[in-house]
Amino acid sequence: ALEGMIAQDKIDTLLKDTTEVPNFEVSEQVITLMFVDIVDFSKFAEEKSPKAVFSALRELMAELSDLVHSYGGIVDKSLGDGLLCYFGYQYGPNQDKVNSHADQAISCAIEIQRRHLKRCLEGHAETDIIHPLRIGINSAGVFIGDLGGKQRVDFTIIGHGVNYAQRFEAACDPFKIMYGPTTKDLCLSYHRSKDSVVERQIPIKNRRETFA
């Protein structure tokens, strides 16, 4: 049930370690969420056969999932032409608490954009088709755990922080990354003094103030 969600080496460790039983009960934790969306993928889908669309999407999602796992993240689900994942979730009582999940998410997002830009440039030379990515990141306290019952594992994340991450993704420019103020506060490596980081104010639905 966990295959595809977490890295295979972590699954192997859980299977071998009889001293630690994973606890997937619903709990409140501070994690960093990341939404990845393919810009204008629906236009590509209209111009190609369903088989070609499915093949291209599967290849990209597999690459994105591998990158998320390599940075210690967990893939929650595919959202059609997008991906929801998160960093910092503790699923075991003896698991070391990860305090660098904000940095992990941003580092992962940067690597995703670097690789995808290269993919787009190479693909453009052959097909003139470019599909940029937008990435939104937000750190927040959420309720997370298995709500699937006895028959299946079904991880669910509940909290306003999930909506904010999606809002940041929607407001993000193509080929770029947008993260919120809570992620900025938790960052150990990435901060406003870096030349590549620019503050931007955006409106958030049902909130009077703007977010930076």
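Since we're looking at a predicted model, the values are computed, not measured.
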* To do: Using modelled atom types only, decide if a donor and an acceptor are shared between the side chain of Gln29 and the backbone of Gln90 within a distance under 3.5 Å.
  => yes
* Sub-3.5 Å donor-acceptor pair from the side chain of Asn138 to the main-chain atoms of Tyr164, do we have one? -> no
* To do: Report yes if some heavy atom in the side chain of Phe35 is under 4.5 Å from a heavy atom in the side chain of Leu83; otherwise report no.
  => no
* Between the side chain of Ser107 and the main-chain N/O of Asp103, is any donor-acceptor distance below 3.5 Å? -> yes
* To do: With sequence neighbours left out, write down each residue that passes salt bridge (Lys or Arg N to Asp or Glu O under 4.0 Å) with Glu28, or none if nothing qualifies.
  => none
* To do: Using modelled atom types only, decide if a donor and an acceptor are shared between the side chain of Arg200 and the backbone of Ala171 within a distance under 3.5 Å.
  => yes
* Provide the closest heavy-atom pair for Val142 versus Gly159 in the form atom of the first, atom of the second, distance. => CG1-CA, 4.5 Å
* Asked: For Gly72 and Phe87, which heavy atoms make the closest approach, and how far apart are they?
  -> C-CD2, 4.1 Å
* What is the minimum heavy-atom distance between Tyr89 and Gly145, and which atoms define it? -> OH-CA, 4.4 Å
* To do: Considering non-hydrogen atoms only, spot the tightest contact between Leu186 and Ser139 and give its length.
  => CD1-CB, 3.6 Å
* Compare every heavy atom of Pro132 with every heavy atom of Pro174, then report the nearest pair and how far apart it is. => CB-CB, 3.6 Å
Using atom types as modelled, flag every donor-acceptor pair under 3.5 Å from a side chain in residues 110-117 to any protein atom, sequence neighbours excluded.
unit_1	atom_1	unit_2	atom_2	d
Glu111	OE2	Arg115	NE	2.9
Gln113	NE2	Leu133	O	3.1
Gln113	NE2	Lys176	O	2.9
His116	NE2	His131	O	2.4

* Backbone N/O of Lys51 and side chain of Ser55: donor-acceptor pair under 3.5 Å -> no
* Closest contact, heavy atoms only, Ala105 versus Thr32 -> CB-CG2, 3.5 Å
* For Gln104, which residues count as a side chain to side chain donor-acceptor pair (under 3.5 Å) partner, sequence neighbours excluded? -> none
* Would you call Met34 and Ile135 a side-chain contact if the rule is heavy atoms closer than 4.5 Å? -> yes
* Student check: side-chain heavy atoms of Asp173 and Arg134 closer than 4.5 Å -> no
